[in-house]
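Have a look at the structure below before the remarks.
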Amino acid sequence: MPIFHHLRQLQECAKHHSSVKQLHAHFIKLGLTQFLPLANTLSNVYAKSSRLQEALQVFDEMPHRDHVSWATILTALNQANFPNKTLSVFPSMFSLDSLLPDDFVFASLVKACANLGAIKQGKQVHANYLVSLFFDDDVIKSSLVDMYAKCGLPDDGRAVFNSIKLKNMASWTAIINGYARKGRKKEALELFLRVPQKNLFAWTALISGLVQSGNEVDAFGLFIEMRREGISIIDPLVLSSIVGASANIAMLELGKQVHGLTIGLGYESCLFISNALVDMYAKCSDIVAAKDVFCRMSRRDVVSWTSIIVGAAQHGRAEEALSLYDEMVSNGVKPNEVTFVGLIYACSHVGLVDKGRELFKSMVEHYGIRPCLQHYTCLLDLLGRSGYLDEAEDVINSMPFKPDEPTWAALLSACKHHGNAKMAIRIANHLLSLKPEEPSTYILLSNIYSSSSLWEHASKARHLLEGMEVKKEPGYSYIDFGRESQVFYAGEASNHMKDETFGLLKELDVEMRRRGYVPDTSCVLHNMEQQEKERQLFWHSERLAVAYGLLKSVPGTVIRIVKNLRVCGDCHTVLKLISDIVKREIVVRDAKRYHHFKDGKCSCNDFW
DNA sequence: CTAGGGTTAG
């Protein structure tokens, strides 16, 4: 049975990553590629060793193709992360080869829709599946559960789940994850309690879903419970979720502990764990540690490079981001759409307009990436920051997308910075038509009117603002020392160090005013006396957190603060001054970006 | 010979 021998040879190849090419050549010589199962296996082996090009070539050159050929190639496209290709290639199955989808092909199509979040096409596939011969197939059903879960429709997933006769772990994990990632904790937990086998998969589905829905604290609690239950972590996937959770809540000390755990379990060098660690350190504002993990990696993919590039850019290290990009390209790693978001952002930060334009062009022409709205927003931000306001507005008008709120906000911020009141008013109105209840837009508008001496308009904007029920999220900041962490809300310092905190801020205030500091009260919402406004600013949460940090941290160390809202202009000035007075580096992660305050300067170059 | 669950970057 030479054919079976060859099939086995190929499978061995796949297992040991040895050269498929030689066997392939051998088969061609013997004319064996005419034998369909052998050609299919060949294509599959190429795909499994991430050689999509070769897999596609074998597929294209097959004189006859069957269902297996199609299932193999559609699966290969999914695995290479080209789900849109899966969907676009599939119609040829009928038009070229007159074949209808079988159960394997249905599963691939559903998976492609799931990964794309393409619910419309997913429902079409679902409908076709229902009228097919395979309408009762449990494997396809569990894929459908996963698809609805990933598309954010866990209830639709539940309906399919209920119809599965033999529910195995795949269907259970899909539905649990579906509820968890929507933040529907009650349903997720109820189902989790009913899983016949509470193994690592089940825990991972629950924990990762909770991280995705912003329930990091619950996720940590469950992770600890899982460890207590003695579930051994034989697969690192759950760790990437936990590292991601540390990144999301930006608790550096916690992140370090999780890092230690990944080392202890022997997964630090696993590619996607190191990638998650690089991102975690960057998000926890320790860009030095992020770079350190990155440098120690033995293998780096596009995600690794992009994580460090984006991290460097966000921390104001634009030149470093750009040189990392050069290094990435010379290492033969192809950038993707996310990489360019980071790169253009970096250019924008230091006003490298031409470099940014060049990168945008190279993305389209050299890498064939179709820019999305976010790229246009970055480009416009780049132009706007450097004062090319008209050109920035041209981008908005000529791009193939409808501008969203961040797009208008980027342009508005540029108008404000360059003092173009006329354009600012026009843009603010666009913004208000998208998000009418946004108080900060009114404040900005009012300030612009005031600065252009349009007093009537200014008071009208203020009036509108007061009439609005301002549901402004309360601002808070927190500081984490590992052993303890403290949360500060504006206007209150209810911890035991209250007097010391206040005393220190008062002391610093005296020194700041000696250096010429004048409070900028333009961001204070309500109409009140100047003194009252200044008092409000004095109690902003980030200042409380910094003062507390100065009192409690080890002298000479970096003070790291996380704030839920954006830092106001006055606090920004104050933090710069404080960093100079006390000769300490202060890093603030706010809702939008990172500020490294050092020697009286900020890494954001006062533009944020 | 082909398929389903848990995965990192904006």
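Numbers restart at 1 for each chain; the letters A, B, ... are given by sequence-line order, proteins then strands. Everything numeric here is computed off the predicted structure, so don't read it as measured data.
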Original post:
If you look at every strand shown and take non-hydrogen atoms under 4.0 Å, does Lys283(A) touch a base, only sugar-phosphate, or nothing?
Top reply: sugar-phosphate
Subject >> Within 6.0 angstrom of Phe401(A) CZ, more than 12 heavy atoms from elsewhere >> reply: yes
Original post:
Ring centroid separation for Trp172(A) and Phe201(A), is it under 6.0 angstrom?
Top reply: no
**OP:** Any pair with a residue in residues 228-249 of chain A that passes side-chain hydrogen bond (donor to acceptor under 3.5 Å, both in side chains), sequence neighbours left out, goes on the list, sorted by first then second residue, please.
**Re:** Glu216(A)-Asn248(A)
**OP:** Select base, sugar-phosphate, or nothing to describe what Ser143(A) touches, counting heavy atoms under 4.0 Å on all strands.
**Re:** sugar-phosphate
Original post:
So Asp137(A) and Lys165(A), salt bridge (Lys or Arg N to Asp or Glu O under 4.0 Å) or not? Walk me through it.
Top reply: CA-CA 9 Å; Asp137(A) 186 288; Lys165(A) 287 183 292 296; over 6 Å; no
**OP:** Remember a base hit wins even if backbone is also touched, and classify Ser307(A) as base, sugar-phosphate or nothing at under 4.0 Å, heavy atoms.
**Re:** sugar-phosphate
**OP:** Classify the nucleic acid contact of Ser108(A) as base, sugar-phosphate or nothing, counting any heavy atom under 4.0 Å across all strands shown.
**Re:** nothing
Original post:
What are the bounds, 5' to 3', of the part of DNA chain B that sits under 4.0 Å from heavy atoms of chain A?
Top reply: dC1(B) to dG10(B)
**OP:** Please check if the distance between the ring centroids of Phe192(A) and Trp203(A) is under 6.0 Å.
**Re:** yes
**OP:** Only counting residues at least two apart or in another chain, list the ones meeting side chain to side chain donor-acceptor pair (under 3.5 Å) with Asn44(A).
**Re:** Lys48(A)
Original post:
Reckon Lys111(A) touches a base, only the sugar-phosphate, or nothing at all at heavy-atom distances under 4.0 Å?
Top reply: sugar-phosphate
Original post:
With a non-hydrogen cut-off below 4.0 angstrom, is Asn168(A) in contact with a base, only sugar-phosphate, or nothing?
Top reply: base
